[in-house]
Asker: 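One structure coming up, written as structure tokens, with questions to follow.
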Amino acid sequence: MKSQNELGVPVPANKPLVVRTIKQVTREQREYVLKKTEYSMFSFPADLIFVDFLSDSGSGTMTDFQWAALFHGDESYGRNKGYYVLLDAIRDTFERGDTPNRSINLILSGETDVNKLMDELYVTSFEGGFVNGGTHQLTRPNAFIVPQGRCAEHLLFSTIAPILKQKNKDIINYIPNNGHFDTTEANIVANGIQAVNLFSTNLMDDFPYDEMDKRNPFKGNMDLKGLEDLIKEKGVDSIPLIYVTITNNTAAGQPVSMKNIKEVHKIAKKYDIPFFFDACRFSENANFIKEFEEGYRNRSILSIVQEMFSYVDGFTISFKKDGLANIGGGFFFRDKGVFHKKFSIDEDIGIKLKEKQILTFGNDSYGGMSGRDIMALAAGLYEVVKEPYLYERKIQVREFARKLAQNGIPILLPAGGHAVYIDMDKFFEGTDMKIDDFGGVGFTIELLKHYGIRSVELGPFCFEWDKKTPEQQKGILNLVRLAMPRNVYSASHIDYAVAAITELYHNKEKIPKVKISRGAELRLRHFQTGLQPIYKN
Ligand SMILES: *Cc1c(COP(=O)(O)O)cnc(C)c1O
């Protein structure tokens with residue numbers, strides 16, 4: 001008889017103990033609301049949706065451990081207890097590998113031994129990693145809590161931009177990434193720096209859906225030749241940072257291999273350039289390395305994460321993703337590392353960052369988050385590295401992709417870590433839909449109208465195809481994303497979505513072209529503009 005792990009389906013990793021009723025909205029009601037909300041996915045009331053695949057950001061179900069931790073939230077203005085717990089959880093997650101401290105347990109168990117609390121939590125001293133402790137965090141700050149990932153990006157880029165000007169006001173600076181997330185790119189550009197995408201060259205290669213359990217081509221990797229070419233072409237002094245996003249959200253949520261991370265590290269070291277992660281889905285990326293990269297099958301997620309982060313000099317992160325928290329973000333850099341050395345010109349860069357953090361988000365010990373959120377986040381960091389959870393989540397996304405592919409829906413394969421992406425160019429093959437008809441948007445409108453399922457176009461509408469040069473247009477993929485919130489949906493939601501999407505696919509000639517009815521010129525327009533579907537009668 002097969003063992004529990006040989007059955008080909010994951011052993012269940014959790015059970016929901018709170019249930020939210022889905023309202024039984026009719027097609028006519030959704031049609032009415034769509035009209036009233038200008039057919040914008042971002043403006044439709046979530047309470048009237050059956051299955052919401054708009055984003056995996058902040059939309060996960062927290063665990064009982066997180067809810068218990070939340071009750072220990074401390075709303076003190078200065079140095080709430082969760083601050084210490086969170087900083088130690090950061091060290092546990094990214095630095096300590098298989099030997100975490102779990103000092104969160106001191107708080108959750110109601111420890112009252114004051115000497116123990118002082119020694120192990122409140123005045124413990126540490127330096128040389130991503131989180132200085134005790135006095136070192138005061139004299140050389142290197143850990144910054146903020147409400148979201150984009151706040152960390154704003155903090156970083158708005159602080160370094162004037163320093164770059166001061167260093168050399170005549171050069172253009174470029175920050176390469178394996179795939180800039182939209183807010184990362186926007187924050188870089190807003191500070192007068194150029195953002196360069198170096199997607200893996202195999203990204204759009206075909207991949208058979210029945211091999212998803214057998215191998216993975218790590219299509220999220222950075223194009224290494226592109227990186228060296230860029231450094232040589234622009235000059236080392238024009239590249240202030242190298243960024244790698246794990247997993248690569250902009251490139252269909254594809255993972256990055258440890259080998260690629262090591263190679264980027266080698267190049268960064270050769271040219272003495274700081275190497276950072278956009279670390280939003282670090283544990284999901286580690287889980288792909290464990291399954292598919294040689295030598296990692298028997299390693300724990302924590303030890304893989306520890307190795308990944310040993311190659312970087314710092315990271316920005318949105319904890320709304322793998323933190324399993326509803327809110328939170330951060331920026332952390334290695335004490336006395338390359339970044340610290342290069343950007344501490346006439347003052348310590350950490351001091352400058354801390355001043356900006358206080359100006360924009362609040363005192364460094366809460367950074368714009370509530371004490372309750374901080375505790376829930378610290379607890380979440382211990383939840384997201386649990387292997388049964390990660391395994392079940394990965395298989396859920398993969399099964400969603402496999403079922404769609406089996407029904408002939410053209411999706412990007414293999415499945416990424418947090419979402420399934422439909423290739424809309426292939427989807428509309430054989431119809432008269434052209435790229436600037438925004439067929440992907442028409443698809444999202446019909447999927448919501450007929451079946452109460454929300455998705456999002458990440459293609460010519462979102463990336464503003466009509467405003468770009470022909471050269472820039474080549475870099476725009478025509479995708480619709482179905483993102484999977486964590487611990488929210490079951491097989492029944494997925495089966496419903498697969499049936500609905502398949503039905504739309506079989507009726508694709510009825511999907512409307514879409515016109516922008518208001519605000520075509522607005523920035524970040526996919527959040528703002530009004531739309532009008534054009535139905536053939
Ligand atoms: C979500 C995300 C961000 C931005 O984080 P927010 O918390 O939404 O501000 C940055 N990078 C990547 C890869 C993301 O997925």
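Order of listing sets the numbers, starting from 1, for every ligand and every atom in it.
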Asker: Looking at ligand 1, does any of its N/O atoms fall within less than 3.5 Å of an N/O of Asp278?
Answerer: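 It does: an N or O of Asp278 is found under 3.5 Å from an N or O of ligand 1.
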
Asker: Just checking, is any N or O donor in the side chain of Ser370 or Asp373 under 3.5 Å from an acceptor N or O on the other one?
Answerer: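 Looking only at side-chain atoms, Asp373 and Ser370 do form a donor-acceptor pair, the distance falling under 3.5 Å.
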
Asker: Without hydrogens or angle criteria, can the side chains of Glu307 and Tyr296 be said to hold a donor-acceptor pair below 3.5 Å?
Answerer: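 Yes, side-chain donor-acceptor contact under 3.5 Å.
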
Asker: Please report the interatomic distance OH(Tyr77) to CG(Asn363), rounded to the nearest 0.5 Å.
Answerer: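 Spacing of OH (Tyr77) from CG (Asn363) equals 5.0 Å.
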
Asker: For Lys320, counting its heavy atoms only, list the atoms of ligand 1 lying under 4.0 Å from any of them.
Answerer: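 Selected atoms, number and element: 7 (O).
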
Asker: Does the residue Gly329 have a heavy-atom contact with ligand 1, meaning some pair of atoms that are separated by less than 4.0 Å?
Answerer: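 In this structure, Gly329 fails to qualify as a contact of ligand 1 - no heavy atom is under 4.0 Å.
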
Asker: If you measure every N/O of Gln148 against every N/O of ligand 1, is any gap under 3.5 Å?
Answerer: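 Between Gln148 and ligand 1 (N or O atoms, distance only) the closest approach is under 3.5 Å.
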
Asker: List ligand 1 atoms under 4.0 Å from Thr245, heavy atoms only on the residue side.
Answerer: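 By the 4.0 Å cutoff, the relevant atoms are 13 (C).
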
Asker: If the cut-off is 4.0 Å to any non-hydrogen atom of Lys321, which atoms of ligand 1 fall inside it?
Answerer: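 Under 4.0 Å from Lys321, ligand 1 has these atoms: 1 (C), 2 (C), 3 (C), 5 (O), 14 (C), 15 (O).
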
Asker: State the atoms of ligand 1, each with its element, that fall below the 4.0 Å cut-off from a heavy-atom position in Arg150.
Answerer: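 By the 4.0 Å cutoff, the relevant atoms are 4 (C), 5 (O), 6 (P), 8 (O), 9 (O).
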
Asker: Would you mind listing which atoms of ligand 1 come within a distance below 4.0 Å of any non-hydrogen atom of Ser318?
Answerer: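 Selected atoms, number and element: 5 (O), 6 (P), 7 (O).
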
Asker: For Tyr311, which residues count as a ring-ring contact (aromatic ring centres under 6.0 Å, His included) partner, sequence neighbours excluded?
Answerer: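 Partners of Tyr311 under the ring-ring contact (aromatic ring centres under 6.0 Å, His included) test: His265.
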
Asker: Exactly one of Phe275, Phe277, Phe309 should register a ring-ring contact (aromatic ring centres under 6.0 Å, His included) with Phe315. Which one does?
Answerer: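 When ring-ring contact (aromatic ring centres under 6.0 Å, His included) is applied between Phe315 and each of Phe275, Phe277, Phe309, only Phe309 qualifies.
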
Asker: Sequence neighbours left out, what passes ring-ring contact (aromatic ring centres under 6.0 Å, His included) with Phe288? Give chain and number order.
Answerer: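 Expected list: none.
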
